[in-house]
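Worksheet: the structure to be examined is printed underneath.
Here the structure is a predicted model, which is why all the values come from computation and not from measurement.
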Amino acid sequence: MKKIIYSQNAPAPIGPYSQAVMVGNMLYTSGQIALNPDTMELVLDNIEAETKQVMENLKALLEAAEMSFEHVLKATIFITDMNNFARINSVYSTYFDEATAPARETVQVAALPKFVNIEISVIATK
């Protein structure tokens with residue numbers, strides 16, 4: 001049976017979707033963009049700040065499910081410019097232990113919601 005996971009510390013959904021869904025021990029998050037959950041304003045100062053906000057939104061969802069980044073099995077990263085990959089990775093890597101980091105894919109796309117530069121979703125398990 002699925003359980004909807006909600007956190008006030010992550011952006012509220014702006015459409016017909018849930019922030020995250022738990023099925024058994026598996027957590028599936030919706031893609032997170034750099035919306036500040038307190039203001040619902042985008043954090044677009046630079047790609048590092050944008051990535052940090054995305055990761056903090058994911059952290060809030062993981063915590064709402066009583067998990068942490070150690071529980072993440074797979075991350076999917078969508079970016080609009082592959083030239084930002086190294087800068088994104090420098091922030092992303094601070095959230096994981098390299099020895100136990102999740103599987104990951106990074107894909108360049110033409111555009112993302114609200115014309116942000118990055119969107120990340122994760123799958124985690126307890």
Side-chain angles (χ1 to χ4, degrees):
M1 172 167 269
K2 78 178 182 179
K3 175 183 176 187
I4 304 303
I5 302 297
Y6 177 81
S7 173
Q8 292 182 353
N9 297 320
I14 52 176
Y17 63 90
S18 299
Q19 290 173 318
V21 175
M22 181 85 120
V23 178
N25 289 330
M26 299 294 293
L27 179 73
Y28 303 86
T29 70
S30 290
Q32 294 297 303
I33 61 175
L35 280 171
N36 178 315
D38 296 326
T39 64
M40 290 302 284
E41 296 290 327
L42 288 169
V43 176
L44 300 174
D45 303 334
N46 55 57
I47 194 63
E48 291 86 358
E50 190 173 351
T51 303
K52 182 174 175 31
Q53 185 63 61
V54 169
M55 297 302 290
E56 289 298 312
N57 292 345
L58 289 167
K59 180 179 177 183
L61 296 177
L62 289 164
E63 288 174 350
E66 299 177 350
M67 294 185 186
S68 70
F69 283 105
E70 291 180 10
H71 294 95
V72 175
L73 300 173
K74 183 168 186 203
T76 301
I77 304 174
F78 297 101
I79 60 178
T80 57
D81 184 351
M82 197 58 78
N83 291 316
N84 285 328
F85 178 78
R87 294 170 62 197
I88 290 166
N89 201 49
S90 70
V91 175
Y92 173 92
S93 66
T94 65
Y95 288 84
F96 295 100
D97 176 358
E98 191 171 329
T100 59
R104 176 178 82 181
E105 61 212 352
T106 304
V107 180
Q108 180 174 315
V109 296
L112 289 165
K114 296 188 173 280
F115 301 100
V116 297
N117 301 297
I118 183 170
E119 179 175 358
I120 302 176
S121 64
V122 299
I123 299 171
T125 190
K126 286 188 178 182

Next item on the list: Would you mind checking if Glu48 and Lys52 are paired as a salt bridge, meaning a charged N to carboxylate O distance below 4.0 Å?
Entry: no

Report yes or no: does [X] contribute a side-chain atom to a donor-acceptor pair with the main-chain N or O of [Y] at less than 3.5 Å?
| X | Y | result |
| --- | --- | --- |
| Thr29 | Ser121 | no |
| Gln108 | Met82 | yes |
| Ser30 | Ser18 | yes |
| Glu119 | Pro113 | no |
| Asn46 | Ala49 | yes |

Item checked: Worked check of side chain to side chain contact (heavy atoms under 4.5 Å, CB included) between Met26 and Tyr28 -> CA-CA 7 Å; Met26 299 294 293; Tyr28 303 86; 3.7 Å; yes

Is the shortest heavy-atom distance from the side chain of [X] to the side chain of [Y] under 4.5 Å?
| X | Y | answer |
| --- | --- | --- |
| Leu58 | Phe69 | yes |
| Ile118 | Ile33 | no |
| Ser7 | Gln19 | yes |
| Arg104 | Ile77 | yes |
| Lys126 | Met22 | yes |
| Pro11 | Asn57 | yes |
| Ile14 | Met40 | yes |
| Ile79 | Asp81 | no |

Notebook entry, point to check: So Val72 and Met67, side chain to side chain contact (heavy atoms under 4.5 Å, CB included) or not? Walk me through it.
Noted result: CA-CA 9 Å; Val72 175; Met67 294 185 186; over 6 Å; no

Using 0.5 Å steps for rounding, measure from the [atom1] atom of [X] to the [atom2] atom of [Y].
| X | Y | atom1 | atom2 | result |
| --- | --- | --- | --- | --- |
| Glu56 | Thr51 | CD | OG1 | 12.0 Å |
| Thr125 | Leu73 | OG1 | CG | 5.5 Å |
| Glu63 | Asn9 | CD | CG | 7.5 Å |
| Met55 | Glu50 | CE | CD | 13.5 Å |
| Ser90 | Ile47 | OG | CD1 | 10.0 Å |
| Leu61 | Ile5 | CG | CD1 | 9.0 Å |

Are [X] and [Y] linked by a side-chain donor-acceptor pair shorter than 3.5 Å?
| X | Y | value |
| --- | --- | --- |
| Glu41 | Asn36 | no |
| Thr76 | Glu105 | yes |
| Glu70 | Tyr95 | no |

Is [Y] reachable from [X] through a run of hydrophobic residues whose side-chain heavy atoms are each under 4.5 Å from the next?
| X | Y | value |
| --- | --- | --- |
| Ile4 | Leu62 | no |
| Val54 | Leu44 | no |
| Leu112 | Leu35 | yes |

Note to self: Surrounding CZ of Phe115 (heavy atoms of other residues, nucleotides or ligands, distance under 6.0 Å), is the total greater than 12?
What the structure shows: no

Note to self: I need the minimum non-hydrogen distance between Ala75 and Pro102, along with the two atoms involved.
What the structure shows: N-CB, 4.5 Å

